[in-house]
Each structure stands twice: as C-alpha cells, then as structure tokens.
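Computed from heavy atoms alone, side chains included, the values below leave out hydrogens, waters and symmetry copies. All figures in this text were calculated on a predicted structure; none of them were measured in a lab.
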Amino acid sequence: MATAREKVARFGKFLSGMVMPNIGAFIAWGFLTALFIETGWIPNEQLATVVGPMLKYFIPVLIAGQGGYAVAGNRGRVIGGIAVFGAIMGSDYTMLMGAMLMGPLAGLVIKKWDEWADGWKPEGLEMLVDNFSLGLIGLGLAIIGFFGIGPFMGAILVVLQAGVQALVNLGLMPLLAIFIEPAKVLFLNNAIGNGIFVPIGTEQVKSVGESIMFMLESNPGPGVGMLLAYAVLCRDKDTKQSAPGAIIIQFLGGIHEIYFPYVLMNPRVIIGPIAGNIVAILFSVIFGLGLVGPASPGSIIAFVSMSPKSQVLLILVDVILAAAVSFFVSAPFVRSYVAVGSDDDVDGQGAIDAGSAVDPTAGAASAVSKIVFACDAGMGSSAMGATRFFRRVKEIRPDIKVEHASVDEIPSDADVIVCQKMLAERARKAAPQTAQFVVIGNFMNDPALDALQTQLTTNVQMQHAAVAATNAASAAIEGAGGEAAWNIGAADVSLGNVAADRESAIRACGAMLVKRGYVDEAYVDAMVERDREVSVYIGNGVAIPHGTNEAKRHVKSTGVVAMQFPEGIDFNGEKAYVLFGIAGKGDEHLQVLAKIADALSDETRADKLRTVTDVTSFLKVLG
C-alpha cells in the first residue's frame with residue numbers, strides 16, 4: 001500500500017507533469033517580460049503587448065491540454081483546452097491552477113463518454129459522433145468553468161496571495177525554508193515548485209512585475225554550498241571526488257536532484273541548505289527581490305536570465321550568501337561524516353545502500369538491450385545519468401539503448417532499471433516484472449554503476465580480446481620463428497596468498513609485476529586507481545587488475561602475473577580467487593588474455609585455478 005509520502009509525490013508529479021512539458025512557454029514568456037516591458041532590458045511597447053495575452057490565454061490552454069492528454073490522449077488535449085477557456089474568461093486572475101484542474105477533469109469526462117459510447121455508436125457515423133460529442137461536452141465544461149471553476153480558483157488565489165503577504169508582513173517568509181529543503185530531498189521538489197510556487201508567482205508577476213515565489217525552491221545556492229563542503233572537507237575519498245562534478249551539474253545545469261543523495265546519506269547535513277535558504281529568502285524580502293518567470297531548471301543561468309535588469313547584482317549576492325551560509329553550516333556535519341566501508345567506519349555508520357547490479361552471467365549480460373534511468377520527473381537527474389552511462393558503454397556495447405523516464409512511466413521493454421533508493425518502490429510498481437533493478441546512491445559516482453558497466457562489457461571485451469589475441473599470437477609466432485615471443489611462466493605465478501582487502505590484493509599483484517621487472521613502482525598506484533574507476537572483477541572468481549591508459553609509460557615490458565587467494569577477495573559482493581596482474585606494451589598481452597578468456601568460459605576450469613596447490617597444475621589448467 002502506498003505511503004502518504006508516495007501519494008503526495010504522485011500527486012505532485014501529476015501536477016508537475018502538466019507544467020514541465022510546457023516550461024519552454026514559461027521561459028519564452030519570462031524573456032518577453034524581462035526584455036520588453038517598460039522596466040525591461042530593451043523596452044519595446046509593441047512587443048510588450050504580447051506578454052499579457054500569452055500569460056492569460058496561451059499558457060493556461062497549454063497546461064490544460066497537457067492535463068487532458070495525460071488522461072485521455074489527443075481528445076483529452078482538445079477538450080481540456082476548450083474547457084479551461086471558460087475558466088479563463090470567468091475570472092480576472094491567471095488560470096494556471098484552474099488549468100491544472102480543468103484539463104484532467106475534461107480528459108476524464110471525455111474518456112468516460114468514449115467508453116460508454118463505444119457500445120452504441122452507429123456504423124459509419126463514428127467520426128460524426130466523436131466530433132459532436134467532444135464539441136458539445138467541451139462547451140458544457142467551458143460554461144461550468146466560466147460560472148464555477150474560474151471564480152472559485154480566483155478566490156483560492158486571493159487567499160494564497162493573502163497568506164504569502166501575511167508571511168511577509170510578519171517576517172515569517174524565511175521559515176518556509178524549513179519545509180522546502182527537506183521536501184526537496186524527498187523528491188517533492190517538482191510538486192512544490194511547479195504545483196504551488198509557479199501559479200502564485202505567475203499571478204504576482206502580472207500585478208507587480210516580479211515574484212519571490214520563483215526563487216524559493218529553485219535557488220541553486222543552498223545546494224552548491226553543501227556540495228562545496230563535501231568537495232573540500234569530506235574524509236571519504238570517493239564522496240569527495242564526486243562532489244566537484246555534482247557542483248557543476250547542479251549550479252550550471254540546474255539539476256538539484258544531484259545533491260539529494262549527499263543529504264540522504266548524511267541526513268544531519270540538511271541543516272546547511274535550510275540555513276542557506278533562510279538567509280537567501282530573508283535577503284530577498286529585505287531588498288524586495290523577485291524573478292519575472294520560473295527559473296527552470298534551477299541553475300544560475302536561469303536565475304540571471306529571469307532577473308529584472310535592476311536586480312541582477314543583488315540576486316547574484318542572494319545566491320552567493322545562500323551558498324556561503326550553507327557551506328559553513330554544513331561543514332561540521334560533512335567533516336564528521338564517515339562513509340560505509342571506509343577506514344574510519346568502525347561503527348558500521350554510513351550511506352545509502354548502493355544496491356546490486358544485473359546478473360553477471362554471460363547470458364544475462366549479453367541479453368540486456370535497454371537500460372532505463374528513472375527519477376521523479378524523468379527529465380533531470382535521470383537524463384543526466386543516462387547520458388553519462390551511455391558514454392561509458394557505447395564503444396563496447398553500442399547495441400544497448402540507454403534511456404531516461406519517470407519512475408511512474410517506465411517502458412515495458414526495459415531490461416535494467418537504475419534509480420535512487422528513495423524512488424525504488426515507486427519504480428518497482430511501474431516496472432515490468434522481468435526487469436532487474438540497480439538501486440544507487442547517486443548518478444555521479446556509485447559502485448553499483450561501476451559494477452553494472454563491468455558486467456555488461458566484460459564478456460564482450462573478453463570475446464574481442466580472444467579474437468584479437470588469436471591474430472596477435474599468430475603474428476608473434478611468425479615473428480619469433482614459429483614460437484611465441486613470450487608466455488606466462490612459473491616465476492609469474494604465486495599461490496596460497498592472503499590479503500585484507502581488494503586494494504591490498506591489487507597492490508600485491510603490482511608488487512609482483514615490479515619484482516618481475518615488467519613495470520615501474522608508479523604503475524601500482526595506477527592499478528588501484530583503475531579499479532576505483534571501473535571494477536576489474538570480470539566474473540567466475542577472476543579479476544584482472546591493470547593500470548590506466550596514462551600509466552602505460554611505466555610499463556617496461558609486457559608481462560602477466562597470477563596470484564591465487566584461496567579465501568577470496570571481495571569485489572562489491574563478488575569473490576575473486578585469482579588475480580591476473582597485467583602490464584602490456586601494445587597488444588602483446590592479448591595472448592595471455594585469450595588464455596584467461598578460455599579458462600573463464602568453463603566454470604570447472606576456473607574453479608580449478610582457485611583450488612590447485614602447485615604452479616605446474618595452475619599453468620596446465622590455464623593452458
């Protein structure tokens with residue numbers, strides 16, 4: 001059964017779903033206002049005449065049409081536009097909230113009519129019945145809108161505006177931040193932004209030319225300040241390294257969802273953004289600041305674009321103040337934060353469960369054809385995450401489609417669904433039963449995404465390596481007079497090893513490569529770094545630690561060493577019993593990769609590599 005938060009989230013998502021597809025119209029209207037009204041950047045009396053009609057008629061019709069379409073398709077879109085026009089003409093107030101009511105209502109009415117009429121429509125007269133029913137029912141709803149919905153929604157707007165003014169008069173407006181910031185990180189940002197603040201703000205712009213309501217939820221300063229604290233002060237290396245990228249995406253891209261996981265994994269830090277937003281709202285109230293249109297997405301670019309000419313500098317100060325306060329208040333909570341699995345995690349404290357990736361077997365991985373990244377609205381963090389992940393896998397798996405969607409509208413042909421923990425339950429209810437889930441902490445730097453990439457690409461890489469290795473080996477044999485130029489030997493194998501963790505095991509492989517004269521010591525750090533970027537575990541109990549591309553200059557000669565760890569080394573929940581440390585010049589190491597690939601193709605042989613107790617047997621199994 002859905003929780004209260006899920007019900008609120010779905011309702012807010014429905015309201016937002018009528019606004020977000022039409023946000024471009026708001027932006028166009030906002031630029032018209034900012035540029036051409038009397039106090040705009042380039043006043044133009046003729047163009048300024050477009051501002052009022054666009055807001056009063058065009059935008060409400062678009063929103064109502066979208067609401068009708070969501071319920072009843074194209075017929076819903078048309079009747080929604082007809083119905084809301086009555087409400088528009090029946091009130092002196094802008095009917096954005098009226099459109100959010102009339103559009104879905106009209107769509108529902110025409111949908112129920114069509115379901116009833118399908119049983120009796122005369123043959124050959126279907127189009128006549130459909131067109132006349134839509135027109136007449138739409139007319140009836142327009143009349144209801146004119147005499148009922150329009151005046152009613154106008155009265156509600158009066159009450160809401162009076163409430164906002166009362167908060168301003170009592171000096172309580174800044175306290176809204178106490179509710180706004182926690183609601184945002186629970187993925188209710190679209191609900192409160194588009195469902196509440198945009199309609200009120202739009203009405204205020206019509207009367208006074210600007211509105212603080214557009215600044216309350218979309219100010220990028222509080223989130224940036226908190227992320228900056230992570231980038232500077234966080235003791236967990238992975239979290240610290242991911243924060244600068246998140247800052248760019250949130251501040252310039254306006255995707256606030258990117259910072260929500262940083263709060264969810266350390267809930268106390270929410271005090272920082274709350275304090276930052278309180279100061280920002282107070283500053284805005286004192287200086288009478290406001291935007292001329294919605295700052296969507298909530299980036300610094302949108303903020304400046306929607307700022308009145310006379311307020312640009314003050315609004316920039318507002319954002320900077322919010323970021324500074326958020327940074328300093330967040331700092332002690334970030335500094336004391338300990339991530340799960342870190343060296344300081346002695347109490348089992350920590351972060352979000354990163355979840356698990358797709359079944360790593362070769363058949364399951366190769367069968368994946370569509371991955372869907374899901375977020376609340378399906379337009380912000382999921383779009384960014386899908387783009388980033390597609391770039392990670394496209395060269396090796398161009399056959400995989402990587403898309404983004406709302407958690408409530410996941411395509412039925414999705415094989416793998418990636419979403420954040422807070423949205424997982426909603427996503428599961430909308431997902432096909434056969435889909436596998438990857439539940440992550442964030443879209444920037446998550447071990448589950450690394451594991452997913454590895455599992456989707458490793459088998460293909462090994463297949464490519466085996467083919468390439470056959471050619472390379474043939475060429476090497478010919479060049480050496482009929483025998484391979486080099487091979488893995490007894491001195492390259494070490495059995496019965498023990499290591500505390502994966503990094504220790506990888507460094508042991510690196511030390512063995514150094515000892516054998518294959519690499520410089522600097523190559524060892526590059527092997528550890530490579531595993532942090534993308535897990536080197538490849539399946540069937542085998543990992544292949546190797547350096548980054550930049551580290552090839554530290555390779556003296558091609559070589560491969562093998563280290564057996566009978567007790568196993570943990571790689572994100574998978575056990576590796578044999579690690580092949582690889583150092584390659586050019587493609588020479590592909591010969592040994594081919595042997596590894598061959599060993600992996602048979603689970604029995606792979607298991608023998610774990611259990612053999614002498615080097616001769618190990619080499620014999622490897623082939």
Can you confirm whether the side chains of N277 and N219 place a donor and an acceptor under 3.5 Å from each other?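 Checked: N277/N219 side chains show no N/O donor-acceptor pair below 3.5 Å.
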Any chance the side chains of K56 and Y93 put a donor and an acceptor closer than 3.5 Å?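 Side chains of K56 and Y93: no pair found under 3.5 Å.
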Under a 3.5 Å distance rule, please check whether [X] uses its side chain to pair with a backbone N or O of [Y] as donor and acceptor.
X    : Y    : result
N22  : A25  : no
Q311 : G290 : yes
Y259 : Q250 : no
R77  : G103 : no

Angle between ring planes, F26 versus W29, binned at 30° and 60°: parallel, tilted or perpendicular?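 It falls in the perpendicular class, over 60°.
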May I ask you to test the [X]-[Y] pair for a side-chain heavy-atom distance under 4.5 Å?
X    : Y    : value
M306 : F214 : no
I42  : F36  : yes
P104 : M18  : yes
R530 : P545 : no
I278 : I178 : yes
V418 : V372 : no
D531 : F571 : yes
I417 : V438 : no

Hey, are D415 and K370 close enough for a salt bridge, meaning a charged N less than 4.0 Å from a carboxylate O?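 A salt bridge is absent here (no side-chain N lies under 4.0 Å from a carboxylate O).
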Does the separation of the ring centres of F373 and F389 fall below 6.0 angstrom?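 Ring-ring flag for F373/F389: true, centres closer than 6.0 Å.
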Rounded at 0.5 Å granularity, tell me how far [atom1] in [X] sits from [atom2] in [Y].
X    : Y    : atom1 : atom2 : value
I200 : T94  : CD1   : OG1   : 12.5 Å
E503 : E529 : CD    : CD    : 10.0 Å
L291 : S218 : CG    : OG    : 6.5 Å
L62  : Y69  : CG    : OH    : 14.5 Å
H256 : F251 : NE2   : CZ    : 10.0 Å
L321 : S326 : CG    : OG    : 12.0 Å

[X] versus [Y], closest heavy-atom pair with distance:
X    : Y    : answer
N266 : F333 : ND2-O, 3.2 Å
M215 : D318 : CE-OD2, 3.8 Å
P60  : M95  : CB-O, 3.8 Å
G209 : V292 : O-CG1, 3.4 Å
A435 : A414 : CB-O, 3.5 Å
E217 : I180 : CA-CG2, 4.1 Å

Using side-chain contact (heavy atoms from CB on, under 4.5 Å), reason through I315 and V304 one step at a time and then give a plain yes or no. CA-CA 8 Å; I315 285 175; V304 172; 6.0 Å; no
Run the side chain to side chain donor-acceptor pair (under 3.5 Å) test on R235 and S336 for me, step by step, so that the C-alpha distance in whole Å, both residues' side-chain angles and the decisive distance to 0.1 Å come before the verdict. CA-CA 8 Å; R235 289 189 291 163; S336 62; over 6 Å; no
In a check of salt bridge (Lys or Arg N to Asp or Glu O under 4.0 Å) between D408 and each of R426, R428, K429, which one passes?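 It is R426, the one option of R426, R428, K429 that forms the salt bridge (Lys or Arg N to Asp or Glu O under 4.0 Å) with D408.
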Applying side-chain contact (heavy atoms from CB on, under 4.5 Å), run through H546 and M527 and close with a yes or a no. CA-CA 5 Å; H546 53 289; M527 295 173 70; 5.6 Å; no
For S307 and V312, run side-chain contact (heavy atoms from CB on, under 4.5 Å): C-alpha distance rounded to whole Å, both residues' side-chain angles, the deciding distance at 0.1 Å, then the answer. CA-CA 6 Å; S307 300; V312 172; 4.0 Å; yes
Hey, mind stepping through I371 and K401 against side-chain contact (heavy atoms from CB on, under 4.5 Å) and telling me if it holds? CA-CA 6 Å; I371 301 172; K401 293 181 179 179; over 6 Å; no
Please indicate whether F283 has more than 12 foreign heavy atoms, meaning atoms of other residues, nucleotides or ligands, lying under 6.0 Å from its CZ.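 Atom CZ in F283 is crowded, with more than 12 foreign heavy atoms closer than 6.0 Å.
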